[in-house]
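One structure is given here, and the rest of the page talks about it.
In the text below, chain A, chain B and the rest are named by the order of the sequence lines, each starting its count at 1.
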Number of protein chains: 2
Amino acid sequence: MTGVVRLLLADDEHLIRGALAALLSLEDDLVVVAEAASGPEALAMARAHQPDVAVLDLQMPGADGVKVATSLRAELPGCQVLIVTSHGRPGHLKRALAAGVRGFVPKTVSAQRLAEIIRTVHAGNRYVDPELAADAIAAGDSPLTVREAEVLELAADGAPVAEIAERAALSQGTVRNYLSSAVSKLGAENRHSAVRLARERGWV
Amino acid sequence: MTGVVRLLLADDEHLIRGALAALLSLEDDLVVVAEAASGPEALAMARAHQPDVAVLDLQMPGADGVKVATSLRAELPGCQVLIVTSHGRPGHLKRALAAGVRGFVPKTVSAQRLAEIIRTVHAGNRYVDPELAADAIAAGDSPLTVREAEVLELAADGAPVAEIAERAALSQGTVRNYLSSAVSKLGAENRHSAVRLARERGWV
DNA sequence: CACTCGGCATGACAAATGTCAGAGGCGGAG
DNA sequence: CTCCGCCTCTGACATTTGTCATGCCGAGTG
């Protein structure tokens, strides 16, 4: 019907990439035309080989899966992007969908299942792992106000309040206030874990 | 000669485990006799199938690779353990070697290379990825004193000083002192990043 | 033995952080 | 229009955290 699906595989873990290529090649209608071990390399390979579907790992050296996906959408509109990941953090899923990614699955799926999902994506449909989707929905929308998120982001690298205040053009008291409010909304113990939590949920 | 090597494969990522099993089975002298997706399951499988070599992922639900390795050494002395990991943090390597692990490699190696390493380990030799080994040596020994490390560990989950003091049976001033000393030795900005750094280097 | 050095421990003090009550503005409900 | 609720912002106050000077003790050294 749709003929053969040409695949680009990108993952920095050689072991997995090779194994994956071998397994997917067992499927008659799938063929791996290119492999890459980093974000930039994936882009270059995509330009050279014009795959139908790009299977990208979320975490890669250079540029992560979502960044590659964004570039790919612009350069090769006909190429659908499927993201595969070990760590299914809600924030990543949200970012990925916003970047035009068509599929998002954890590495816990079987190869057979992955092959099916590749076909689904190639047909123009979307696929998001139900469990990851549930997590993302459960995480919901950010309870943080604009300023709270802004201040929390400035606090991300452990900067002292004085520096945050200067960079945000606010008084130190105000900064403490926003930080405190964010910490309580997130149910965190201190600003550091608040930053971590917000990161995980994709709210900063 | 050595005959066939019977393997146990443990990795929570179904995709990778399956792919790996398929690739390693292509080697004439390797046979995968059991697979597991979690630490406890790996132990159970090992008891049931008595493999020659256990290939364990470092991060798994239940019990991590090193814990499984420790139990395995006790229960099945004839079974050599090889650890495979995505994130090669020096501390992990150190812990693993202390637990009697015979091999430690990142997932960036190729399947062919992995097969060779499995044979090396099965023959009773050790194998540690040169790059990871270099990192571990560069990280060196902990500059922290016993108490510093102890207090830093108690501070790991963001507990306030008062709680740490109580749990360590020290005055709050002393706890602050150790924390401060650890922070400066590690070149960190605050206790939280100190904890992170010490974790990365395997000093806590 | 006398001396020095480093780890362990403490409290006093200074600095950073967290918490609170409240003022001003802006938009929607009544 | 008026009121209410929310966001924004502030300074004062309380708590927590970080730094310092100091004392004690045991191990190693001349």
Side-chain angles (χ1 to χ4, degrees), chain A residues 91 94 137-204, chain B residues 90-91 94 98 139-204:
Chain A
K94 204 167 288 188
I137 291 166
D141 276 347
S142 174
L144 304 174
T145 68
V146 178
R147 284 292 180 291
E148 283 164 357
E150 191 179 322
V151 169
L152 198 57
E153 192 152 19
L154 288 172
D157 46 7
V161 173
E163 189 181 321
I164 300 172
E166 193 179 356
R167 289 216 269 164
L170 290 174
S171 91
Q172 300 200 5
T174 308
V175 170
R176 289 197 204 100
N177 212 190
Y178 283 139
L179 245 20
S180 176
S181 155
V183 164
S184 78
K185 278 181 181 175
L186 296 174
E189 288 301 315
N190 53 52
R191 70 166 79 179
H192 301 284
S193 53
V195 167
R196 192 165 37 75
L197 279 172
R199 276 266 158 80
E200 280 175 14
R201 291 165 164 65
W203 292 338
V204 295
Chain B
K94 204 166 289 187
D141 276 346
S142 173
L144 303 175
T145 67
V146 178
R147 285 291 181 289
E148 283 164 358
E150 190 180 322
V151 169
L152 199 55
E153 192 153 19
L154 287 171
D157 46 6
V161 172
E163 190 181 322
I164 300 173
E166 194 178 355
R167 289 215 269 164
L170 290 174
S171 89
Q172 302 199 4
T174 308
V175 170
R176 289 196 203 98
N177 211 189
Y178 284 139
L179 246 21
S180 178
S181 156
V183 164
S184 79
K185 279 181 181 174
L186 296 175
E189 288 301 316
N190 52 53
R191 69 167 78 180
H192 301 286
S193 53
V195 167
R196 192 165 37 74
L197 280 172
R199 276 266 159 79
E200 279 173 15
R201 291 166 164 64
W203 292 339
V204 295

- Among all residues two or more places apart in sequence or in another chain, which pass the side chain to side chain donor-acceptor pair (under 3.5 Å) test with B:R176? B:Q172

- Touch class at under 4.0 angstrom, heavy-atom based, for A:S171 against every strand present: sugar-phosphate

- Message: Could you report the tightest heavy-atom contact between A:I164 and A:R191, atom names first, then the distance?
- Response: CD1-NH1, 4.2 Å

- Have B:N190 and B:S193 got a donor and an acceptor in their side chains that come within less than 3.5 Å? yes

- Task: Identify, with sequence neighbours excluded, every residue that meets side chain to side chain donor-acceptor pair (under 3.5 Å) alongside B:T174.
- Result: B:S171

- Query: Is there a residue in residues 178-203 of chain A whose heavy atoms reach under 4.0 Å of DNA chain D, and which residues are they?
  - Reply: A:Y178

- Write out all pairs satisfying ring-ring contact (aromatic ring centres under 6.0 Å, His included) with one or both partners inside residues 139-169 of chain B, taking only residues at least two apart or from two chains. none

- How long is the line joining CZ of B:R176 and C1' of D:dG18, in whole Å? 8 Å

Listing, residues 148-162 of chain A side-chain donor-acceptor contacts under 3.5 Å, not counting sequence neighbours, or none:
| unit_1 | atom_1 | unit_2 | atom_2 | d |
| --- | --- | --- | --- | --- |
| A:E148 | OE1 | A:T145 | N | 2.8 |
| A:E148 | OE1 | A:T145 | OG1 | 3.4 |
| A:E148 | OE1 | A:K185 | NZ | 2.9 |
| A:E148 | OE2 | A:S181 | OG | 2.4 |
| A:E148 | OE2 | A:K185 | NZ | 3.2 |

- Applying side chain to side chain donor-acceptor pair (under 3.5 Å) to B:K94 and not counting sequence neighbours gives none

- Of all nucleotides in DNA chain C with an atom under 4.0 Å from a non-hydrogen atom of chain B, which is the first and which the last going 5' to 3'? C:dG7 to C:dG11

- Message: Under 4.0 Å, heavy atom to any atom of DNA chain C: which of residues 146-161 of chain A qualify?
- Response: A:P160, A:V161

Would you give me the side-chain donor-acceptor pairs under 3.5 Å for residues 196-204 of chain B, sequence neighbours excluded?
| unit_1 | atom_1 | unit_2 | atom_2 | d |
| --- | --- | --- | --- | --- |
| B:W203 | NE1 | B:G140 | O | 3.4 |

Nucleotides 20-22 of chain D: which of its N/O atoms have a protein N/O under 3.5 Å away?
| unit_1 | atom_1 | unit_2 | atom_2 | d |
| --- | --- | --- | --- | --- |
| D:dC20 | N4 | B:N177 | ND2 | 3.4 |

- Query: How would you list all residue pairs meeting ring-ring contact (aromatic ring centres under 6.0 Å, His included) that involve residues 173-196 of chain A, not counting sequence neighbours?
  - Reply: A:H192-B:H192

